[in-house]
Amino acid sequence: MSEQQRSALTPEGRGEHLARLRATTAENPLDVLVVGGGVNGAGAAFDAATRGLSVGLVESHDWASGTSSRSSKLMHGGLRYLQMLDFKLVAEALRERDLLLEHTAPHLVKPIKFVFPFFKKVIDRGFIGSGVMLYDAMQSIGRKRAVPFHRHLLHDKMLDVFPALDGDKAVGALEYYDAQMDDARFVMMLVRSAAQHDAAVANYTTVIDYLHEGERVVGARLRDEESGEEFDVHARQVILAGGVWTQEQQELAGADAGLEVLASKGIHVTVARERIPAVPDTGIITQTEKSVLFIIPWDEYWVIGTTDTPWTEGPRDVGATSDDIDYVLEHANAVLADDLTREDVIGVYSGLRPLLQPVRKGEGKGSAKVSREHTVMEVEPGLSAIAGGKFTTYRVMAEDVVDFAIKDIEPGRPSLTRSVPVIGAQGYAALVRDKSEISKRIGGEGSGADEVRVDRLLFRYGSLLTDVLALIDEDPSLATPLEHAPRYLRAEVVYAARAEGARHLADVLERRTRLDYETRDRGVAAADEVAALLAAELGWDEAGVRAEVTAYREYIEARLAGEATTSDAEAAARISIAAEVPSHR
Ligand SMILES: Cc1cc2nc3c(=O)[nH]c(=O)nc-3n(C[C@H](O)[C@H](O)[C@H](O)COP(=O)(O)OP(=O)(O)OC[C@H]3O[C@@H](n4cnc5c(N)ncnc54)[C@H](O)[C@@H]3O)c2cc1C
């Protein structure tokens, strides 16, 4: 089997991976079991697997279905952390951003330019200017720059770059660079990378209990949500990467100490690209009273956000309210010449930041490594938890938690992820060179517009695009775009089920594609066609297809109803009764 094939998250492969987890015993355990398939869990599984350890990774829902599909999708140092004087976090994140851009994931991460407008000529230019200068200087220390240096834009030049800015209010701007990715796809690619190195990985597999031997955690009891079957998996070390579910899992493990993680909601809205004129690949960052607001170019759209409000409802039920949407529009309108209205909003998504609370000294049974950036803690012997940081710093977080977990059982196995690329990186440059050729293979003529389409595909698949093209070679009808979502090809849906671990309609509409916020109908119009393609791959009968489409429609209706309310409790109540995915048992 080729490396590429070994990484494929096929329906049959999921069964084999579960069988490997089931086959573990107290005498023959995994080295490491990772709980939680967000960026931190997927990163930890990849890190541990590349060290040559035997690894399991389980996720109760779809890969990245928690916070890791709902971010601003920036690989960035985070200018706002400079304001908080968190230089170490910024320096670490910038180092990681550049490593991804240049070496380990150039196919999944791309540079993006931001304009930071100022409103008070002297004070802002001095204050913001010195912040951005420092930001840029931090990325230059001892290494080649991965993105260009910032520059000052005078009033007229600022409007050339971003004509949609309100030139009566903004007196000038700074232009600087960061990077962007597709968060949900990035996580799925990390899971595939872990599988390529022999990790046993399963989504829709929930930890329902932790196994103990005396005080020590020695594995977990799992439920395969697809079959309902429950079984034990044995492991020498368990790593909990549970994001906002961390405390729930620590309690399930019976731990009387652990990380304290609070949830803070952040929402984004999407708006059509033509609604805000700017030069390509350029966004805006602007200061708000609490934090910053980004207006980020995303394919043919703008992603605008975010908010920052405490969330005390259930973590699965997170949804935006009318007030959240108004807040985002109001702050975007503060810098735009032509006000956005609710009519302009195409999609809305919301997520929960896992906010790590300081760990108090003396708490916990074991040691803890605490830093401003992220924290790793031994919750119980055999169970280590990681939380904090940000998407951008996932690799260092993964390295730290695996180092921490294996220090007594497998010392002398250093992390290799600084130099092991994420799957799809190898051979990527050659495909970029052959763009015109590829455009012909998907039915284009090699024109500029066709190449834009190929660029989009390359950003989604890297060199794994060859697999998608092979599907089209086998069945040319798969080169046809989806009727109600022509930015995506039918082949992409088939590939999502065959190789990207998609098990349900929502997995494709929300995370393998981003149709739930890229179309005004939130992906509902494409649901029938996508479900029919998935049915052939996943063996759904007619009733199964109907159940998938109905569940998705109801979930979207619940989200829309939530967006018309004004309280988190009401929004959560709507979402909590709508199941995102049905059972096929
Ligand atoms: C609005 C917003 C914008 C952001 N923007 C950025 C940004 O632009 N750049 C950046 O670097 N960072 C950003 N972040 C931060 C970043 O998204 C998070 O730090 C990161 O995604 C957290 O990942 P995680 O793996 O810890 O958590 P999660 O992604 O939530 O993963 C935890 C997983 O555990 C699973 N789980 C829970 N219980 C169980 C169980 N019993 N069994 C199995 N699995 C279970 C959950 O289903 C979930 O998938 C943003 C965050 C938010 C909210």
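Counting starts at 1 for both ligands and their atoms, following the listed order. If you're wondering where the values come from, they're calculated on a predicted model, not measured in any experiment.
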Query raised in the report: Looking only at N/O atoms, are Glu59 and ligand 1 under 3.5 Å apart anywhere?
Result: yes
Report task. State yes or no: are the ring centers of His150 and Phe116 separated by less than 6.0 Å? Result -> no
Query raised in the report: Looking only at distance, does Val207 have an N or O less than 3.5 Å from an N or O of ligand 1?
Result: yes
**Report entry** Passing option when Arg559 is tested against Glu580, Glu554, Glu510 for salt bridge (Lys or Arg N to Asp or Glu O under 4.0 Å)
**Finding:** Glu510
**Report entry** Interfacing atoms of ligand 1 (cut-off 4.0 Å, heavy-atom, Lys73)
**Finding:** 8 (O)
Query raised in the report: Hey, does the Lys NZ or Arg CZ of Lys110 hover above the aromatic six-ring of Phe459, less than 6.0 Å from the centre and inside 45° of the axis?
Result: yes
Report task. Could you tell me whether Arg316 and ligand 1 have an N or O pair separated by under 3.5 Å? Result -> yes
Report summary line: Contact region, Ala241 to ligand 1, non-hydrogen atoms below 4.0 Å, reads backbone
Query raised in the report: Non-hydrogen atoms of Val244 versus ligand 1: any pair closer than 4.0 Å?
Result: no
Query raised in the report: Under the 6.0 Å and 45° cation-pi test, does Arg70 pair with Tyr349?
Result: no
**Report entry** ligand 1 atoms in contact with Gly266 (distance to a heavy atom under 4.0 Å)
**Finding:** 1 (C)
Query raised in the report: Looking only at protein heavy atoms, which one is nearest to atom 6 (C) of ligand 1, and how far off is it?
Result: Ser71 CB, 3.6 Å
Report task. Any atoms of ligand 1 less than 4.0 Å from a non-hydrogen atom of Lys390? List them with their elements. Result -> 10 (C), 11 (O), 12 (N), 19 (O)
Query raised in the report: Do any N/O atoms on Ser60 end up under 3.5 angstrom from N/O atoms on ligand 1?
Result: yes
Query - Positive for side-chain hydrogen bond (donor to acceptor under 3.5 Å, both in side chains) with Lys265, one of Asp308, Asp568, Thr309 - result: Asp568
Requested in this report: Output the list of atoms in ligand 1 that are nearer than 4.0 Å to some heavy atom of His76, sorted by atom number.
Outcome: 7 (C), 8 (O), 9 (N)
Query raised in the report: Hey, are Lys113 and Asp281 close enough for a salt bridge, meaning a charged N less than 4.0 Å from a carboxylate O?
Result: no
Query raised in the report: Should the pair Tyr394 and Phe186 be assigned to parallel (<30°), tilted (30 to 60°) or perpendicular (>60°) ring geometry?
Result: perpendicular
Query - Side chain, backbone, both or neither: Arg70 near ligand 1, heavy atoms under 4.0 Å - result: backbone
Query - Side chain Thr205, main chain Asn203, donor-acceptor under 3.5 Å - result: yes
Query raised in the report: Can you tell which part of Leu74 has a heavy atom less than 4.0 Å from ligand 1: side chain, backbone, both or neither?
Result: both
Query raised in the report: Which is closest to atom 1 (C) of ligand 1 by heavy-atom distance: Ile386, Thr306, Val261, Ile208?
Result: Thr306
Query raised in the report: Is it the side chain, the backbone, both or neither of Arg97 that has a heavy atom closer than 4.0 Å to ligand 1?
Result: neither
Report summary line: If we number the atoms of ligand 1 from 1 as shown, the ones under 4.0 Å from a heavy atom of Gly36 are 33 (C), 34 (O), 35 (C), 44 (N)
Requested in this report: Using a strict 4.0 Å threshold on nitrogen-to-oxygen distance, state whether Arg14 and Glu16 make a salt bridge.
Outcome: no
Query - Geometric N/O contact Thr392 with ligand 1, under 3.5 angstrom - result: yes
Report task. Could you tell me whether Arg522 and Asp516 have a side-chain N and a carboxylate O separated by less than 4.0 Å? Result -> no
**Report entry** Per-atom contacts, ligand 1 versus Leu352 - under 4.0 Å to a heavy atom
**Finding:** 53 (C)
Query raised in the report: Is Glu248 near ligand 1, meaning one of its heavy atoms is under 4.0 Å from it?
Result: no
Query raised in the report: What part of Gln249, side chain from CB on, backbone N/CA/C/O, both or neither, has a heavy atom under 4.0 Å from ligand 1?
Result: side chain
Requested in this report: Check whether any N or O atom of Thr206, backbone or side chain, sits under 3.5 Å from an N or O atom of ligand 1, and answer yes or no.
Outcome: no
Query raised in the report: Between Arg395 and Glu399, is the closest basic N to carboxylate O distance under 4.0 Å?
Result: yes
Report summary line: dist Leu100:CG -> Arg95:CZ (nearest 0.5 Å) comes out at 12.5 Å
Requested in this report: Decide ring-ring contact (aromatic ring centres under 6.0 Å, His included) for Phe294 and Phe114; before the verdict, give the C-alpha distance in whole Å, the side-chain angles of both, and the deciding distance to 0.1 Å.
Outcome: CA-CA 9 Å; Phe294 288 105; Phe114 280 106; 5.4 Å; yes
Query raised in the report: For ligand 1, is His374 a contact, meaning one of its heavy atoms is under 4.0 Å away?
Result: no
Report task. Quick one: look up the protein heavy atom nearest atom 12 (N) of ligand 1 and list residue, atom name and how far away it is. Result -> Phe391 N, 3.2 Å
Report task. Indicate the ring-plane relationship of Phe162 and Trp302, choosing parallel, tilted or perpendicular according to the 30° and 60° boundaries. Result -> tilted
